Engineer: 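Here it is, the structure in full.
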Protein chains: 2
Amino acid sequence: MDTNELEASYFDERLYVKNVAVDNVIFGYHDRELKVLLQRPNFQLKWTVAGGYVRKTESIEEAAHNIAFLRTGLKNLFLEQFKSFGSPSRTKDDWQAIKKAFENAGMKSPPDSWILDYSVSIAFYTLTDFSLVTVQKGPFDEALDWWPVTQLPPMMFDHAYIIEEALKALRRDIYHYPIGYELLPRKFTLPEIHSLYETILGKTLDNRNFTRKLMSSGIIKKLDETRNIGAHRSPYLYKFEKKKYDAALKNGIFLGF
Amino acid sequence: MDTNELEASYFDERLYVKNVAVDNVIFGYHDRELKVLLQRPNFQLKWTVAGGYVRKTESIEEAAHNIAFLRTGLKNLFLEQFKSFGSPSRTKDDWQAIKKAFENAGMKSPPDSWILDYSVSIAFYTLTDFSLVTVQKGPFDEALDWWPVTQLPPMMFDHAYIIEEALKALRRDIYHYPIGYELLPRKFTLPEIHSLYETILGKTLDNRNFTRKLMSSGIIKKLDETRNIGAHRSPYLYKFEKKKYDAALKNGIFLGF
DNA sequence: ATATATTCTGTCATTTTGACGAAATAAATT
DNA sequence: AATTTATTTCGTCAAAATGACAGAATATAT
């Protein structure tokens, strides 16, 4: 099935689970900023998190992976479910706006039964190496772009809140999982991973103490290469130790920065 | 609306959200064991977690509180959402069994559209002071009882897995929240809270080091009373410091046992 | 050669941890 | 009334982890 076909069959109650949406907060890291991939539906001014529906033949995790794949072109990304959202009228108003806009444009809009009924969102966050992503708009979207989590555009539904909660979950998980592995390119420098942790945790970390702790965990390894950064001392490159990383994912690790 | 009326209206698609269930793993602590409150539906041999559906007029959190209230008689319990579950046929087989049993008994059974369609469970865990609970069976249940998490009976659906995941979440959260407050009576002894932590974490903790750490957090306070435990030295009673506790809930606390 | 900006390495006092043993106490037993 | 038993409670010490801090090395531009 072609990508557009796939999404175009949304709202077919025979294929998709009604009342249940999956939202996926896709994080990337670039220019010392944590960014999130957002889409803006046709004719709309406000943005949404990457989202979609669940086919009756798949699990919610598969649906979330699929959403990530549709927008980034990447499979098997690191993906964590962090919370579900459901309350009367959390989506109603903005759905009505979308419906109206579609109708004004002479386009087919989602059926009322999907819009006016109760809507539960199961939310995941996804971590990805920014540099590997090639963004791909969906058939109902006018725009798809990375936004810094510190400067989000106006958001539809409760999606600003969903991103807040995703950040909370990420900040909690960063203590238990070596999250840098997912957000950084395969080879990276100490200042890069240092800045990543500062960005996610929103606080400054003493570089010497940070390095000491990270190295003592044994999860990253110094390479024999350096990166040229222009008029400055060239930082060494590092990479994650896959074995240690897998163990850390499985058993948890404690990184108390 | 009366309690039984409330639950009896399940499966009315005008009132309840289709495809979405809420399951609530209700934990209590008694006799040095962590227990979970389970129900056994009519004519069934296997048990389920406390569960129910979401009214279209309420949030999923309200639904979860309501389920806890129906089974324990208690309101405003400590309740955390930890994960949602959704995959094809996670509930189908056992639902068919229930349907058949209801029909054999000449009772009205849930409509096929609710049974055969996709089912998402939003799962919460609830912590409660065992001694305050008065268990209340639901209208479709033959039994409702506390079971030690270490010796569960045969479970329906994927509920054994759901309980496992609830335990994981609890073990994760115990490091960030002073969970003892919810599971213990207002006044308790050091050996009691010590044993609670050992039980939840599933490992022995040196009593002297445990006490040192717990006291240094300032979250509990020694009282001037002791409890008589028969032929042994009488342990002092302690209570949680409400202010410290509230701050810990809000900002998190770190208790690395 | 010098200036500038950034990376990298090391020390020290303080705090926290983990592993122990021994004294105190309430009731039952002799 | 002394002793035994089971439990609670208090204290010490060496090792490890933490937090605060300063200075040397290096890549290029001037």
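The sequence lines fix the lettering, A, B, ..., with proteins before strands; numbering per chain opens at 1. In this text, all values refer to a predicted model and were calculated from it rather than measured experimentally.
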Engineer: May I have the distance from Leu255(B) (atom CG) to dT16(C) (atom P), rounded to whole angstrom?
Structural biologist: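 One finds 14 Å between P of dT16(C) and CG of Leu255(B), rounded.
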Engineer: Fit a plane to each ring of His194(B) and Phe210(B), take the angle between them on a 0 to 90° scale, and name the class: parallel (under 30°), tilted (30 to 60°) or perpendicular (over 60°).
Structural biologist: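 Aromatic pair His194(B)/Phe210(B) classed tilted.
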Engineer: Starting at the 5' end of DNA chain C and moving along, which residue's nearest nucleotide shows up first, Thr226(B) or Arg212(A)?
Structural biologist: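 The answer here is Arg212(A).
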Engineer: Specify the separation, in whole Å, of atom CG of Leu190(B) and atom C1' of dC10(D).
Structural biologist: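 Spelled out: CG on Leu190(B) to C1' on dC10(D) is 12 Å.
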Engineer: Scan nucleotides 5-7 of chain C against the protein and return all N/O pairs shorter than 3.5 Å with their distances rounded to 0.1 Å.
Structural biologist:
| residue | atom | partner | partner atom | Å |
| --- | --- | --- | --- | --- |
| dA5(C) | N3 | His232(A) | ND1 | 3.4 |
| dT6(C) | O4' | His232(A) | ND1 | 3.3 |
| dT7(C) | O2 | Arg233(A) | NH1 | 2.9 |

Engineer: Nearest whole angstrom, please: distance from the C1' of dC8(C) to the CG of Leu237(A).
Structural biologist: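 The answer, rounded to whole Å, is 15 Å.
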Engineer: Asp173(B) and Tyr125(B): side-chain donor and acceptor closer than 3.5 Å?
Structural biologist: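 Side-chain D/A pair, Asp173(B) to Tyr125(B): present.
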Engineer: Just how far, in rounded Å, is C1' of dT18(D) from CZ of Phe254(B)?
Structural biologist: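 That distance rounds to 14 Å.
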Engineer: Mind calculating the distance between NE2 (His194(B)) and C1' (dT7(D)) to the nearest angstrom?
Structural biologist: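 Value for this atom pair: 13 Å.
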Engineer: Main chain of Gly51(B), side chain of Asn24(B): is a donor-acceptor contact present, judged purely on distance under 3.5 Å?
Structural biologist: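 Checked: no pair found.
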Engineer: Would you classify Asp206(A) as touching base, sugar-phosphate or nothing, given that sugar-phosphate means primed atoms plus P, OP1 and OP2, and contacts are heavy atoms under 4.0 Å?
Structural biologist: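 Base, at least one base atom sits under 4.0 Å.
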Engineer: Let's test your reading of the model: under 3.5 Å, does the base of dA22(C) pair with the side chain of Arg208(B) as donor and acceptor?
Structural biologist: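 Side chain to base: no pair present.
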Engineer: May I ask you to decide if the ring planes of His176(A) and His176(B) are parallel, tilted or perpendicular, using 30° and 60° as cut-offs?
Structural biologist: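 Correct class here is perpendicular.
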Engineer: What is the ring orientation for Phe85(B) with Tyr161(B), classed by angle as parallel under 30°, tilted 30 to 60°, or perpendicular over 60°?
Structural biologist: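 Aromatic pair Phe85(B)/Tyr161(B) classed perpendicular.
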Engineer: Ignoring hydrogens and angles, state whether a donor on the side chain of Asn228(A) or Ser234(A) is under 3.5 Å from an acceptor on the partner side chain.
Structural biologist: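 Side chains of Asn228(A) and Ser234(A): no pair found under 3.5 Å.
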Engineer: With a 3.5 Å cut-off and just heavy-atom distances, do the side chain of Asn209(B) and the base of dA19(C) make a donor-acceptor pair?
Structural biologist: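 Indeed, a donor on one side and an acceptor on the other fall under 3.5 Å apart.
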Engineer: Just the rounded figure in Å: distance from C1' of dA19(C) to CZ of Phe210(B).
Structural biologist: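 In whole Å, dA19(C) C1' lies 18 Å from Phe210(B) CZ.
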Engineer: Considering just the side-chain nitrogens and oxygens of Lys213(A), establish if one lies under 4.0 Å of OP1 or OP2 belonging to dA17(D).
Structural biologist: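 Checking Lys213(A) against dA17(D): no side-chain N or O falls below 4.0 Å of OP1 or OP2.
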Engineer: Send over the distance from Asn228(A) CG to dT28(D) C1', rounded to a whole Å.
Structural biologist: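 So the two atoms are 9 Å apart, to the nearest Å.
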Engineer: Hey, what's the ring geometry for Tyr197(A) with Phe257(A), parallel, tilted or perpendicular (30° and 60° as the breaks)?
Structural biologist: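 Perpendicular, since the angle between the ring planes exceeds 60°.
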Engineer: Using whole Å, report how far CG of Leu214(A) lies from P of dT18(D).
Structural biologist: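 From Leu214(A) CG to dT18(D) P: 13 Å.
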